[in-house]
Amino acid sequence: MKEKLQQLPAVNDILQEDLVKEWEDLYDYDVIKKAIQLAINNTRKNLLKGKDVPVESAAIIEQASANLASIYQSSLRPTINGTGTVLHTNLGRSLLADHAVDEMIKVANQYSNLEYSLSQGERGSRYEHIRDIVIELTGAEDALMVNNNAAAVLLMLTALTKGREVLISRGELVEIGGAFRIPDVIASCGAYLHEVGATNKTHLRDYEAGINEDTAALLRVHTSNYRLVGFTDSVSDEDFVRLAHANNLPAFNDLGSGLLLDLQEFGLPYEPTVKEMIAAGYDLVTFSGDKLLGGTQAGIIAGKKKYIDILKKHPLLRALRSDKVTIAALEGTLRLYLNRSDALRSIPTLRMICTPIEELKKRAEHFVDQLHQATDRYQAKVAPGHSQIGGGSFPGVQIPSQLVCLTAKDLSGTQLERRLRLHAHHIIARLHDGVVAFDVRTLTEDDIETIVETLVDL
Ligand SMILES: *Cc1c(COP(=O)(O)O)cnc(C)c1O
């Protein structure tokens, strides 16, 4: 081992190698040096641990090359989603419609009227851009956009309930993805949680009994990521709002998913739309831009002008405001909703949710044919399965889908799943009882072509 340690080349020796000299056309000299140093240090460490690793220049150069690639490669990378979960939180939730992407690019590389009134030639507001379209689509009096729905709830409660009580049903004290728990959010806004009713049943009289001189608002949180079944009861939206207003209190609804179109004709269960909640009389409704709405990460607050005006003046708004690129993407997505069939066709989240099963079957069969034509290393077959919508929406709903189940002649399912995931295309598949499966709901024709090419090379 001592001998090997002595054989380790010096950084300067490696820098003299022809191959390494070529790197200077592509990479910064200091970064190249660092990558080589790292490779040498790593090899030395392994030798000291007693591992028999190669010490020749070629081996060091190979390691340095891998180090360089990882230094220059983005950490955030595209993946192919073969899981069938449409709003996959870990894989970036909604995909944007082409129109929204075009709008984003325009404001990203050109100056824009972000905070400039073109008609007046003076300072304008960034919040104006989505206002009219949200009003048009939801029937609200006014609207405001912030960084995400968690921020929308934070702003609403801080500005309007701080130091006072927020009345909420015990059945709605939900946790949404780790750190966002309604009781903690209310506390962090400086408000006091006043729980009423029981987990499975809350009656109007429970809310009525909870109202006192410290009450600031009645809050409803849509239990978008779980479902109570069995002996349950809750108050209708109309009764809830009527009670709040009879006591001169505002009624708020954290709706979460931000569904703008009813999707029952596609076999999905009833979910309240934003428009319905505004019509029910809620003073403010908050929802996400990148769940069922299918836009970018954002939080939208729609409702009465009287309350939105207070939010607009709150200092917290500055900390929660959206970037121009995000505003462009959300506005671009919202404009597609002016025509229902445009929205269903061009917003990827809606398109994927509503794809007919016959089309999925054709897509899956095409996948299998392509693969068998390209190679005989795999056995692929189409099987029925289920997709989830994900993103904490439509809890427990399983939509029938079509899977392509894959076995390799020379790899186990676990090995195959791992190789696909680590491959440059980062293909994420499901693994069921050791078998790799793709749910074709979240795959495009291009994705399938890429997967087949990757499987041939693997
Ligand atoms: C998802 C969700 C949130 C959080 O929204 P983000 O946009 O992820 O910040 C808050 N409330 C409800 C009810 C939700 O479903």
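Order of listing sets the numbers, starting from 1, for every ligand and every atom in it.
Closest heavy-atom approach to atom 10 (C) of ligand 1 within the set N253, D290, T89, N149: this belongs to N149. Evaluated by nearest non-hydrogen atom to atom 8 (O) of ligand 1, the leading choice among R93, Q297, R220, E175 is R93.
Of all the heavy atoms of K291, the ones lying under 4.0 Å from any atom of ligand 1 belong exclusively to the side chain.
Although no hydrogens or angles enter the test, the distance criterion places no donor-acceptor pair under 3.5 Å between the side chain of T326 and the main chain of S322.
Using a 4.0 Å cut-off between charged side-chain N and carboxylate O, E195 and R170 make a salt bridge. Taking a cutoff of 4.0 Å between a charged side-chain nitrogen and a carboxylate oxygen, D439 and R430 qualify as a salt bridge. Salt-bridge formation is detected for the pair R126/E115: a Lys NZ or Arg NE/NH1/NH2 atom is positioned less than 4.0 Å from an Asp or Glu carboxylate oxygen.
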| Worked verdict on R351 versus E359 for salt bridge (charged side-chain N to carboxylate O under 4.0 Å, His left out) | CA-CA 12 Å; R351 188 174 59 225; E359 199 176 317; over 6 Å; no
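Residue contact check for ligand 1: V153 places no non-hydrogen atom closer than 4.0 Å to it.
Taking a cut-off of under 4.0 Å to the non-hydrogen atoms of A150, the atoms of ligand 1 that pass are 4 (C), 5 (O), 6 (P), 9 (O). Every atom of ligand 1 with a heavy atom of F180 under 4.0 Å away is listed here by number and element: 10 (C), 11 (N). Contact atoms of ligand 1 toward H222: 13 (C) (distance under 4.0 Å to a heavy atom of the residue). Interface of S288 with ligand 1, defined as ligand atoms under 4.0 Å from a residue heavy atom, comprises 5 (O), 6 (P), 7 (O).
For ligand 1, the polar-atom distance check finds an N/O of D254 within less than 3.5 Å of one of the ligand's N/O atoms.
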Identify every side-chain donor-acceptor pair in residues 157-167 under 3.5 Å, counting partners at least two apart or on other chains, and give the distances.
unit_1, atom_1, unit_2, atom_2, d
T158, OG1, L154, O, 2.6
T161, OG1, L157, O, 2.6
R164, NH2, T215, O, 2.7
E165, OE1, H194, ND1, 2.6
E165, OE1, N212, ND2, 3.0

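Residues passing the side-chain contact (heavy atoms from CB on, under 4.5 Å) test with A69, sequence neighbours excluded: none.
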